[in-house]
Colleague: 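I have a structure here, written as structure tokens, and I will follow up with some questions on it.
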Amino acid sequence: MNLSEHCADLERNSLCYGHSQVDAGFAGDSTPADFDAPGARASVAQLKSLETSALDVESGQWGLAIMNLQANLPQSRPGPGVIILLAGDAVLGHEVDLSEIDEISEALSTVALGPAPRFSQAARIAEELGQLQKDEIALVDARTRAGDWLRLVNAGAVSWVERDHLAPLQAMESLPIVDVADPFAMKAFSFSSARGITDCDEAEPLLAIQSPETSSVNLTVNGVDIHVQSLVSFQQVHRNALSMTVHRGAATTAFGNTVLAGNTIVGILASTGDGKTAILDWSGALPVSNAELARGQRLQEAMNGLARANGWAEQDSKMTVGDFIHVVAVGDTLFALARQHDVSVADIVAANDDLSPLRLYVGDELMIPNPGSGFGGLGSARPEEPAASIPTAPETAPPDCSGLQLTSPTETAPGGKSPYYWDGIAAATGYQVYVYDHGTGSLLGSFRTGAEQTSISFSAGQLGVGGALQWEVVALAQGQPICSTGLSAPLPHR
């Protein structure tokens with residue numbers, strides 16, 4: 001993937017014809033006359049579809065296109081935006097209403113009226129990132145739909161400040177809205193491809209997305225919201241299944257799946273009746289295969305080649321297999337698990353601080369570090385074959401989830417920022433709250449609290465009058481889901 005040869009000086013919201021055999025469809029009469037050869041450029045603002053071709057073995061040519069998206073990142077942020085790469089026998093359909101896109105503009109300059117806390121998201125329960133001091137210059141370039149939070153972009157770093165803490169400017173009313181559900185070019189798209197089988201791995205059909213190292217982006221892929229932070233790739237592994245592999249960083253789906261680097265999940269596709277497909281559900285995470293591991297290496301090397309050509313920072317191209325959580329079942333032994341996952345017994349023991357190497361209990365969660373790194377037994381200091389000597393305990397009782405329930409609101413979504421309450425349970429060490437747009441299925445917000453906090457504050461203003469939301473609370477034990485309230489009934493916003 002020699003992107004550096006063709007795609008240097010790639011501006012934001014630009015599409016680059018990276019390699020032979022690319023077809024693009026544009027809205028109206030905006031088709032560029034010269035978008036027909038490697039190195040050609042076009043704006044993504046009017047892009048409707050993009051199709052790249054399969055490998056032609058005789059000529060050694062295949063389709064490859066790259067996009068550098070502004071997304072909802074500030075203009076002042078240096079380096080690349082969100083990079084999307086489409087390759088091989090694959091099709092991308094742009095599903096954003098182009099008339100609704102509100103472009104990010106230059107930042108306004110104001111000052112802090114007093115000490116002003118900065119947060120990672122537009123919510124007081126988000127991570128606090130420090131403070132603005134009284135009379136400190138504040139550069140703001142976007143607002144929430146309710147208008148009560150402004151996005152601060154001082155020195156290119158992104159944080160959120162409550163509007164009341166800043167000196168008011170009339171121009172603040174004209175700032176673009178940046179909420180989870182608000183559109184930008186290529187925020188929502190459909191992806192399909194041939195099966196990921198080719199005569200040359202380097203030309204396999206795929207879609208890859210790389211977000212900036214210190215930022216994340218919310219995208220809607222085949223009807224499902226996905227929060228991406230770092231490098232992920234998609235492949236159609238079956239006519240009814242789409243895989244998502246996280247090569248660096250993490251990704252979270254609207255179904256609550258958080259996938260860490262070195263793992264893959266598979267989404268089940270179903271027809272939506274309009275000739276398109278949507279993801280219905282995801283599998284659990286599995287460590288990447290050798291082929292997926294090699295793909296991540298190739299993708300990062302290609303992205304780094306593009307970075308060098310554009311003067312951007314490169315990322316570490318060393319990929320690893322993700323750690324794997326195994327729930328102990330009757331008959332499991334360390335020796336057998338090490339053989340099953342091709343990993344050292346000593347590494348399993350080292351990765352689980354409270355594990356006795358001679359005793360496993362049914363229901364325990366074991367971290368299996370770096371599967372595929374190579375089997376190794378217990379060594380001479382321990383029994384050579386411990387299988388027969390490791391007993392198991394009776395299965396532990398499941399947690400009591402009967403008290404976990406949503407308490408308010410349960411009928412309508414209140415206007416403005418309002419509290420949302422639930423009843424907790426003793427087994428929980430924390431909670432994850434998900435809020436969805438009932439009409440579109442979009443993830444409007446995701447919040448995590450501690451065990452003692454059984455409420456959040458959320459504004460339904462981004463729905464608009466006549467919209468509706470649904471919300472769900474998932475109880476966590478040591479970060480792992482144990483119970484869910486299930487989705488609430490649709491709560492109309494009046």
Side-chain angles (χ1 to χ4, degrees), residues 1-27 30-53 61-88 90 92 94 96 98 101 103-107 141 153 155-158 184-187 189 202-203 206-215 217 219 228 230-231 233 248 298-317:
M1 298 182 188
N2 192 8
L3 298 176
S4 58
E5 180 181 346
H6 301 305
C7 297
D9 302 320
L10 186 61
E11 297 179 351
R12 298 272 180 94
N13 282 340
S14 290
L15 164 67
C16 175
Y17 196 135
H19 207 291
S20 302
Q21 311 303 318
V22 176
D23 289 322
F26 295 87
S30 58
T31 304
D34 59 350
F35 193 75
D36 58 1
R41 309 296 170 89
S43 169
V44 301
Q46 298 299 315
L47 181 68
K48 295 298 292 182
S49 64
L50 187 65
E51 184 172 357
T52 50
S53 65
Q61 296 181 339
W62 72 97
L64 182 67
I66 194 101
M67 285 175 271
N68 181 15
L69 304 183
Q70 177 72 37
N72 51 16
L73 299 172
Q75 283 196 4
S76 58
R77 191 190 183 286
V82 178
I83 302 299
I84 293 184
L85 182 149
L86 187 70
L92 196 66
H94 193 178
V96 175
L98 301 178
I101 295 175
E103 294 186 3
I104 302 298
S105 56
E106 294 290 342
D141 73 339
V153 293
V158 176
F184 51 80
M186 293 303 300
K187 180 184 188 298
F189 53 81
E202 292 189 2
L206 58 83
L207 168 72
I209 301 170
Q210 178 177 269
S211 71
E213 186 69 9
T214 57
S215 299
V217 62
L219 299 169
V228 175
S230 222
L231 178 64
S233 68
R248 282 192 302 103
R298 289 194 304 273
L299 284 171
Q300 193 59 72
E301 289 171 353
M303 296 289 189
N304 284 346
L306 181 69
R308 288 191 294 273
N310 285 274
W312 304 331
E314 298 181 42
Q315 306 300 333
D316 186 359
S317 61

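Since we're looking at a predicted model, the values are computed, not measured.
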Colleague: Between Leu69 and Val44, is any pair of side-chain heavy atoms under 4.5 Å apart?
Modeller: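 Heavy-atom side-chain distance check passes, below 4.5 Å.
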Colleague: How long is the straight-line distance from NZ of Lys187 back to CG of Leu219, given to the nearest 0.5 Å?
Modeller: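 Interatomic distance, Leu219 CG to Lys187 NZ, rounded to 0.5 Å: 7.0 Å.
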Colleague: Minimum heavy-atom separation for Ser230 to Ser211, with atom names?
Modeller: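 Of all heavy-atom pairs spanning Ser230 and Ser211, the closest is N-OG, 2.7 Å.
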Colleague: Please identify each residue that fulfils ring pair (Phe, Tyr, Trp, His ring centres under 6.0 Å) with Tyr17, with sequence neighbours left out.
Modeller: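 Tyr17 satisfies ring pair (Phe, Tyr, Trp, His ring centres under 6.0 Å) with Phe35 only.
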Colleague: Between Gln300 and Gln210, is any side-chain donor less than 3.5 angstrom from a side-chain acceptor?
Modeller: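 Looking only at side-chain atoms, Gln210 and Gln300 do form a donor-acceptor pair, the distance falling under 3.5 Å.
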Colleague: List the steps, then state whether side-chain contact (heavy atoms from CB on, under 4.5 Å) holds for Leu206 with Leu85.
Modeller: CA-CA 8 Å; Leu206 58 83; Leu85 182 149; 3.8 Å; yes
Colleague: Is any side-chain heavy atom of Asn304 closer than 4.5 Å to one of Trp312?
Modeller: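 No, every pair of side-chain atoms sits at 4.5 Å or beyond.
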Colleague: Just so I know, are the side chains of Phe26 and Leu47 near enough to count as touching, which here means a heavy-atom distance under 4.5 Å?
Modeller: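 Of all side-chain heavy-atom pairs linking Leu47 with Phe26, at least one is under 4.5 Å.
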Colleague: With Glu314, which residues qualify under salt bridge (Lys or Arg N to Asp or Glu O under 4.0 Å), at least two apart?
Modeller: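 Salt bridge (Lys or Arg N to Asp or Glu O under 4.0 Å) check on Glu314 returns Arg308.
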Colleague: Is the closest side-chain heavy-atom distance between Leu92 and Met67 below 4.5 Å?
Modeller: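 Leu92 reaches Met67 side chain to side chain.
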Colleague: Rounded to the nearest 0.5 Å, how far apart are CG of Leu10 and CG of Asn310?
Modeller: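 With rounding to 0.5 Å, CG (Leu10) is 6.0 Å from CG (Asn310).
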Colleague: State, to 0.1 Å, how close Leu50 and Ala65 come at their nearest heavy-atom pair, and which atoms those are.
Modeller: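 In terms of heavy atoms, the two residues are closest at CD2-CB, 3.8 Å.
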Colleague: Tell me, with the steps shown, if His94 and Met186 meet side-chain contact (heavy atoms from CB on, under 4.5 Å).
Modeller: CA-CA 6 Å; His94 193 178; Met186 293 303 300; 3.4 Å; yes
Colleague: Go through the steps to decide whether Leu64 and Leu86 satisfy the test side-chain contact (heavy atoms from CB on, under 4.5 Å), and finish with yes or no.
Modeller: CA-CA 6 Å; Leu64 182 67; Leu86 187 70; over 6 Å; no
Colleague: So which atom in Arg41 and which in Cys16 form the shortest heavy-atom distance, rounded to 0.1 Å?
Modeller: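 Answer, listing the atom of Arg41 first, then Cys16: NE-SG, 3.7 Å.
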Colleague: Quick one: closest heavy-atom pair of Cys7 and Gly18, and the distance?
Modeller: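 Nearest heavy atoms, Cys7 then Gly18: SG-CA, 4.1 Å.
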Colleague: What is the minimum heavy-atom distance between Ala309 and Ala8, and which atoms define it?
Modeller: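 That closest heavy-atom pairing would be O-CB, 3.6 Å.
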Colleague: Can you check side-chain contact (heavy atoms from CB on, under 4.5 Å) on Glu106 and Asp141, steps first, answer last?
Modeller: CA-CA 6 Å; Glu106 294 290 342; Asp141 73 339; over 6 Å; no
